[in-house]
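In each ligand, atom 1 is the first atom listed, and ligand 1 is the first ligand listed. FYI, the numbering just counts along the sequence from 1.
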Amino acid sequence: MNMSEPPMTQLRGVLREDEPMSRHVSWRAGGRARVFYQPADVLDLAAFLRSRDPREPVLFLGLGSNLLVRDGGFPGAVVFTHHALIGIEVESEVSAPRGQISFRAGSGVPSPHLARFVAKHGGAGAEWLAGVPGTIGGALAMNAGCYGGETWNHVVAVETVDRAGTLRHRAPADYEIGYRHVALKGGADEWFVSAVFGFQPGDESAAMGTIKSLLQKRVATQPLNQPNAGSVFRNPPGDHAARLIESCGLKGFTVGGAQVSTKHANFIVNLDGASAKDIETVVRHVHDTVLQRTGIDLVLEVRIVGDAA
Ligand SMILES: Cc1cc2nc3c(=O)[nH]c(=O)nc-3n(C[C@H](O)[C@H](O)[C@H](O)COP(=O)(O)OP(=O)(O)OC[C@H]3O[C@@H](n4cnc5c(N)ncnc54)[C@H](O)[C@@H]3O)c2cc1C
């Protein structure tokens with residue numbers, strides 16, 4: 001459904017040029033964005049998109065926890081949603097399936113914030129989101145998931161914006177949804193502005209307890225004290241990428257400042273001053289070694305964008 005085409009207004013957000021993306025991605029590495037825009041709100045975001053040359057590449061950025069920008073930078077406009085599209089509320093207008101409670105969150109809301117908000121407002125089933133260190137926009141784009149939870153299992157509706165600044169309401173049926181895969185049917189360029197989620201009613205202290213124990217599990221198994229981007233490869237059907245990588249003896253493999261984590265083989269960590277090229281070289285070596293030794297063609301989960309230096 002086409003909602004509105006907001007009028008052209010003066011931009012109210014923060015515009016920067018030549019912004020280092022290493023400040024905004026969890027790997028703390030990589031090149032610069034030619035243009036970087038932090039919108040003031042949804043209408044300002046729509047006005048910004050309308051104001052750009054339609055041929056300019058656009059990249060939406062949440063918390064950069066699944067993203068690498070090559071050292072030559074991103075030759076277009078990066079839209080930074082975090083700190084901007086941050087509304088969160090118990091939703092009263094769009095109903096979730098019977099018995100569920102509806103929640104609306106802007107795409108710049110950190111996923112852990114939604115997990116706690118749902119728990120505090122009597123919902124259950126969002127606890128797993130507490131350990132996914134990205135935004136709701138990133139979770140929607142990636143169909144983020146873990147510990148049996150998956151983002152799109154809870155989506156009731158989304159609001160999107162396109163290149164012309166047109167805002168639309170969309171239903172899950174408008175998307176092809178799979179494991180770490182989401183694509184708008186018909187393939188148009190649209191980005192997520194907000195979403196309505198449905199969660200079962202639950203008990204706040206039980207949900208908070210689950211959040212605590214899931215976070216403890218992460219601390220025990222993931223190298224959270226070193227810059228990383230979570231799992232680099234998707235798990236192949238019936239197996240785990242980490243198991244395959246470890247079985248090839250790749251834990252600790254290092255190029256420049258980038259290393260296959262010695263704690264979790266599907267994580268690549270920035271030891272100190274890694275370039276995006278160091279990280280990508282490790283990614284390729286891991287991919288090629290696993291293919292050569294096991295015949296399994298691992299598929300990237302992280303997104304790598306931009307130009308080589
Ligand atoms: C320590 C650690 C643990 C992790 N654990 C998990 C896990 O358990 N499960 C899991 O699934 N992932 C995990 N991740 C990966 C990552 O946190 C998720 O994919 C997260 O949802 C990405 O959100 P983000 O805001 O950081 O997205 P970004 O990294 O900023 O962007 C990722 C992609 O989403 C697109 N995007 C971002 N916002 C929007 C938007 N509003 N509209 C359209 N596209 C958008 C970007 O253009 C990019 O292609 C982990 C990462 C780290 C660092």
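Remark: ligand 1 and T135 share an N or O pair separated by less than 3.5 Å (distance only, no angle test). At least one N or O atom of G62 sits closer than 3.5 Å to an N or O atom of ligand 1. Between Q222 and ligand 1, no N or O atom pair is found at a separation short of 3.5 Å. Considering backbone and side-chain N/O of S65, one or more are found under 3.5 Å from N/O of ligand 1.
In the hydrophobic clustering of this structure, V90 groups with I136; members are Ile, Leu, Val, Met, Phe, Trp, Tyr whose side-chain heavy atoms approach within less than 4.5 Å, directly or through other members.
Only the side chain of L59 comes within 4.0 Å of ligand 1, judged by heavy-atom distances. When non-hydrogen atoms are compared, ligand 1 lies under 4.0 Å from neither the backbone nor the side chain of H82. When non-hydrogen atoms are compared, ligand 1 lies under 4.0 Å from neither the backbone nor the side chain of N143.
The ligand atoms of ligand 1 that sit less than 4.0 angstrom from a heavy atom of M142 are 19 (O), 33 (C). Close contacts between ligand 1 and L224 involve ligand atoms 1 (C) [criterion: under 4.0 Å to a heavy atom]. Ligand 1 places these atoms under 4.0 Å from at least one heavy atom of L63: 24 (P), 25 (O), 26 (O), 30 (O). Those atoms of ligand 1 that come under 4.0 Å of a heavy atom in A229, given as number and element, are 51 (C), 52 (C), 53 (C). When each atom of ligand 1 is checked for a heavy atom of S107 under 4.0 Å away, the hits are 41 (N). Close contacts of ligand 1 with A141, meaning ligand atoms under 4.0 Å from a residue heavy atom, involve 34 (O), 35 (C), 36 (N), 44 (N), 45 (C). Ligand-side atoms of ligand 1 in range of C146: 8 (O), range being under 4.0 angstrom from any heavy atom. Remark: ligand 1 atoms within the under-4.0 Å shell around heavy atoms of G145 are 7 (C), 8 (O), 9 (N), 10 (C), 11 (O).
Within 6.0 Å of CG on D272 lie no more than 12 heavy atoms contributed by other residues, nucleotides or ligands. Residue H240 places its NE2 atom among 12 or fewer non-hydrogen atoms of other residues, nucleotides or ligands, all under 6.0 Å distant.
In terms of protein heavy-atom proximity, atom 29 (O) of ligand 1 is closest to N66 N, 2.9 Å.
Here atom 41 (N) of ligand 1 lies nearest to F192 when heavy atoms of F267, F80, F192 are compared. Closest heavy-atom approach to atom 28 (P) of ligand 1 within the set G138, G64, A139: this belongs to G64. Closest to atom 39 (C) of ligand 1 by heavy atom, among A144, G137, S26, is G137.
Test L11, T81, V193 against L45 for side chain to side chain contact (heavy atoms under 4.5 Å, CB included) and you get one pass: V193.
Under the 4.0 Å criterion applied to side-chain N and carboxylate O atoms, R284 and D288 are not assigned as salt-bridge partners. Salt-bridge check for R34 with E17: failed, with every basic side-chain N at 4.0 Å or more from each acidic carboxylate O. Salt bridge annotation for E246-K251: present, with a cationic side-chain nitrogen under 4.0 angstrom from a carboxylate oxygen. A salt bridge does not link E159 with R168: none of the charged nitrogens is closer than 4.0 Å to a carboxylate oxygen. Electrostatic pairing of R16 and E19 counts as a salt bridge here, judged by a charged N lying under 4.0 Å from a carboxylate O.
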